[in-house]
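Structure first, then comments.
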Number of protein chains: 2
Amino acid sequence: MLRDSLIDIQVRAMPDQLVQALESAIVFGELPAGTHVVEEEVAERYRVSRSPVREALRRLERDGMLVRDERRGVRVAPISARDLDEIYMCRIPLEGLAAAQAAAMHNPDVIPRLNVCLNDLERCFKSGDIKGYFIANVAFTDLVHNAAANSTLASLLEGIGKRALRYRYFAYSTAPDLVTASVEGSREIVDMISDRNQTGAKKVTEKLIERSWKTIRNLIDA
Amino acid sequence: MLRDSLIDIQVRAMPDQLVQALESAIVFGELPAGTHVVEEEVAERYRVSRSPVREALRRLERDGMLVRDERRGVRVAPISARDLDEIYMCRIPLEGLAAAQAAAMHNPDVIPRLNVCLNDLERCFKSGDIKGYFIANVAFTDLVHNAAANSTLASLLEGIGKRALRYRYFAYSTAPDLVTASVEGSREIVDMISDRNQTGAKKVTEKLIERSWKTIRNLIDA
DNA sequence: TTTTTGGGTACTGGATCCAAAAACCGAAGT
DNA sequence: ACTTCGGTTTTTGGATCCAGTACCCAAAAA
């Protein structure tokens, strides 16, 4: 039908786009921690009214990217060692579970897609394209999350994954050589998933994240 | 001044109140799964405009209590064995982590408070007060979550905890004797926490939740 | 009788609008 | 010079308005 071919012109709802835009601005440090975000300004900047902006801000608040002072507006969430610890403590078991489930499901056509991602990852790593590396990395983890076939788990991970990304971008952009371990680890995870090795996938994933945690932590403390 | 004495009647923000109200209506089955929730009706029912209602609905959607069909509004999320499985699969490691952290922190004055909760739990159980039992149970788990001193973890658990509550209320109200295991398990958890036994607390918690999962699952399948 | 089409209705999503709280600023008084 | 008070401005939070879309039903066409 004609409708079917036209229907996806309306790609995404407006608040989604705003969330996307603000989110990456926060992750990539264009909006530094603590910046006061004013509804009216965002609305003007993106040529929309305050309604969709308000919704977008609420969502970002819920994801922990923004914090709200009642009746005083929102500001970009501060980053801190404490916050980092909280996030990673939660990420470890959840990412582990996702990897294990992905291995358990063993959807045959995710392996090639994971490999494609892996290549992107390596390419960006070698060419020193930090931002590109992060895009590829998000795509990779998203694939794993989807392969786990648990939308509840996926949405939990999406939220804290983004928060983690802030710290990771901060860490990797100050010490670019950190990505090495990440690339290796990702390859190991793919191996475990294609072997249907649930506990293996879980263990490898948890180790990788734990290591990432420690490394970032050291960098922040310094 | 008179104004000052009146001003704090407005204890919480309006959307919060709406979330609270709708949430419990959903958990306790007053709004059955699939019910179409119309913004205008809710607004009229609670004597507010659509703005705060919209925000409340967005939040409930985000927590998985409501689902949205683009441009067609929201309805109460359907319940299903699949959904139950997703929730519990996530709850197990997270609740386990929370219990372990609570044991690690060992804030001395949470133990008596947990015991108070435990008594409430037992009393409601004995008098067959299902709804009261649930209130006490939420208070209990909230205490554990707070004792873990990880607000990120707490907020993750708050979200899926509520979704789980729907299933638990459904299960317990059809087979009231199920609560027995829950009361015992809760006591064990308190013991582990006061012994500062992290792995023990984790194990016991995970077991308890896993058991609850299986039981509810059987009931749903039937 | 079944399918299509047109109009009417209902509801969401976005844009204003308005009130009230908080931040800002400047003048007066200590 | 420093604080305090009062008015002004900014900005949030809630109410209302308007446009666009999906749904329903009835009438016309096949």
Side-chain angles (χ1 to χ4, degrees), chain A residues 1-22 25-26 31-32 34-78, chain B residues 1-22 25-26 31 34-77:
Chain A
M1 243 176 212
L2 187 57
R3 281 197 71 218
D4 289 334
S5 65
L6 286 175
I7 214 164
D8 54 347
I9 289 178
Q10 171 75 10
V11 193
R12 20 182 42 177
M14 176 125 24
D16 278 358
Q17 293 179 288
L18 293 172
V19 167
Q20 189 84 7
L22 292 171
I26 294 171
L31 286 176
T35 307
H36 189 60
V37 178
V38 180
E39 293 180 358
E40 186 62 43
E41 287 172 9
V42 178
E44 190 161 346
R45 164 81 179 69
Y46 293 98
R47 312 278 187 198
V48 290
S49 82
R50 274 179 56 209
S51 311
V53 174
R54 278 169 74 173
E55 194 187 319
L57 296 187
R58 296 285 183 182
R59 295 232 289 258
L60 290 166
E61 181 198 350
R62 204 104 193 13
D63 280 346
M65 307 292 284
L66 299 175
V67 291
R68 173 175 304 268
D69 309 86
E70 200 71 17
R71 277 248 160 225
R72 293 207 279 148
V74 297
R75 58 181 209 279
V76 178
Chain B
M1 248 175 213
L2 188 58
R3 285 195 68 210
D4 289 334
S5 66
L6 285 173
I7 217 164
D8 55 342
I9 287 180
Q10 175 77 4
V11 189
R12 358 176 53 169
M14 180 125 17
D16 278 359
Q17 294 180 294
L18 293 171
V19 166
Q20 189 84 7
L22 292 170
I26 293 170
L31 287 175
T35 308
H36 188 60
V37 178
V38 180
E39 292 179 358
E40 186 61 42
E41 287 173 10
V42 178
E44 189 161 349
R45 165 80 178 73
Y46 293 98
R47 310 280 186 199
V48 289
S49 83
R50 274 180 56 211
S51 310
V53 172
R54 279 169 72 174
E55 193 189 317
L57 296 187
R58 294 287 183 184
R59 276 203 242 168
L60 290 166
E61 181 197 352
R62 195 101 191 11
D63 281 346
M65 306 293 283
L66 300 175
V67 290
R68 174 175 306 266
D69 308 272
E70 201 74 13
R71 280 239 159 235
R72 291 206 282 147
V74 296
R75 56 179 209 281
V76 178

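None of these values were measured; they are calculated from a predicted model. Here is the naming used below: chain letters follow the sequence lines, and residue numbers restart at 1 for every chain.
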Quiz prompt | Non-neighbouring partners of R45(B) that pass side chain to side chain donor-acceptor pair (under 3.5 Å), sequence neighbours left out | solution = none
Quiz item: For the pair made of CD in E55(A) and C1' in dA15(C), what is the distance, rounded to whole Å?
Solution: 14 Å
Quiz item: To the nearest angstrom, how far is R75(A) atom CZ from dA23(C) atom P?
Solution: 12 Å
Quiz prompt | Minimum-distance nucleotide (side-chain atoms of R68(A) versus dG13(C), dG13(D), dG14(C)) | solution = dG13(D)
Quiz item: What is the distance from CZ of R58(B) to P of dG14(D), rounded to the nearest Å?
Solution: 16 Å
Practice problem: Using atom CD of E70(B) as one end and atom C1' of dC23(D) as the other, report the distance to the nearest whole Å. | Solution: 17 Å
I'd like a table of atom pairs between the protein and nucleotides 7-10 of chain C - only N or O on both sides, under 3.5 Å - with the distance next to each one.
none

Distance-only donor-acceptor hits, side chain of residues 71-78 of chain A, under 3.5 Å, sequence neighbours excluded:
{"unit_1": "R75(A)", "atom_1": "NH1", "unit_2": "D69(A)", "atom_2": "OD1", "d": "3.0"}
{"unit_1": "R75(A)", "atom_1": "NH1", "unit_2": "D69(A)", "atom_2": "OD2", "d": "3.2"}

Practice problem: Report yes if a donor N or O on one partner sits less than 3.5 Å from an acceptor N or O on the other, where the partners are the side chain of R54(B) and the base of dG14(C); otherwise report no. | Solution: yes
Quiz item: Any side-chain heavy atom of L22(B) within less than 4.5 Å of one from L57(B)?
Solution: yes
Practice problem: Measure the distance from CD on E61(B) to P on dT12(C) and round it to the nearest whole Å. | Solution: 12 Å
Self-check item: Integer-rounded Å distance: dG13(D) P and D16(B) CG
Solution: 11 Å
Self-check item: Inter-residue atom distance L66(A).CG - L60(A).CG, 0.5 Å rounding
Solution: 5.0 Å
Practice problem: Kindly compute the distance separating CG (D16(B)) from CZ (R59(B)), expressed to the nearest 0.5 Å. | Solution: 4.5 Å
Self-check item: Interatomic spacing from OH in Y46(B) to CE in M14(B) - rounded to 0.5 Å
Solution: 13.0 Å
Quiz item: Considering residues at least two apart in sequence or located in another chain, which fulfil the side chain to side chain donor-acceptor pair (under 3.5 Å) criterion with E41(A)?
Solution: none
Practice problem: Residues of residues 35-47 of chain A with any non-hydrogen atom less than 4.0 angstrom from an atom of DNA chain D: list those, numerically ordered, please. | Solution: V37(A), V38(A), E39(A)
Quiz item: If you check every side-chain atom of R71(A), which of dG14(C), dA21(C), dT16(D) has the closest atom?
Solution: dA21(C)
Exercise. Kindly point out which of dC17(C), dG13(C), dA15(D) is positioned nearest to the side chain of R50(A)?
Key: dC17(C)
Exercise. Starting from P on dT12(C), measure out to CE on M14(A) and report it in whole angstrom.
Key: 18 Å
Quiz item: In chain order, what residues pass the side chain to side chain donor-acceptor pair (under 3.5 Å) check against R50(A), with sequence neighbours excluded?
Solution: E39(A)
Quiz item: If you look at every strand shown and take non-hydrogen atoms under 4.0 Å, does R72(B) touch a base, only sugar-phosphate, or nothing?
Solution: sugar-phosphate
Quiz prompt | Complementary nucleotide of dA10(C), counting Watson-Crick and G-U pairs under 3.5 Å | solution = dT21(D)
Practice problem: Ignoring backbone atoms, test whether S49(A) places a side-chain nitrogen or oxygen under 4.0 Å from the OP1 or OP2 oxygen of dA15(C). | Solution: yes
Self-check item: Short N-O contact, R58(B) and D63(B), less than 4.0 angstrom
Solution: no
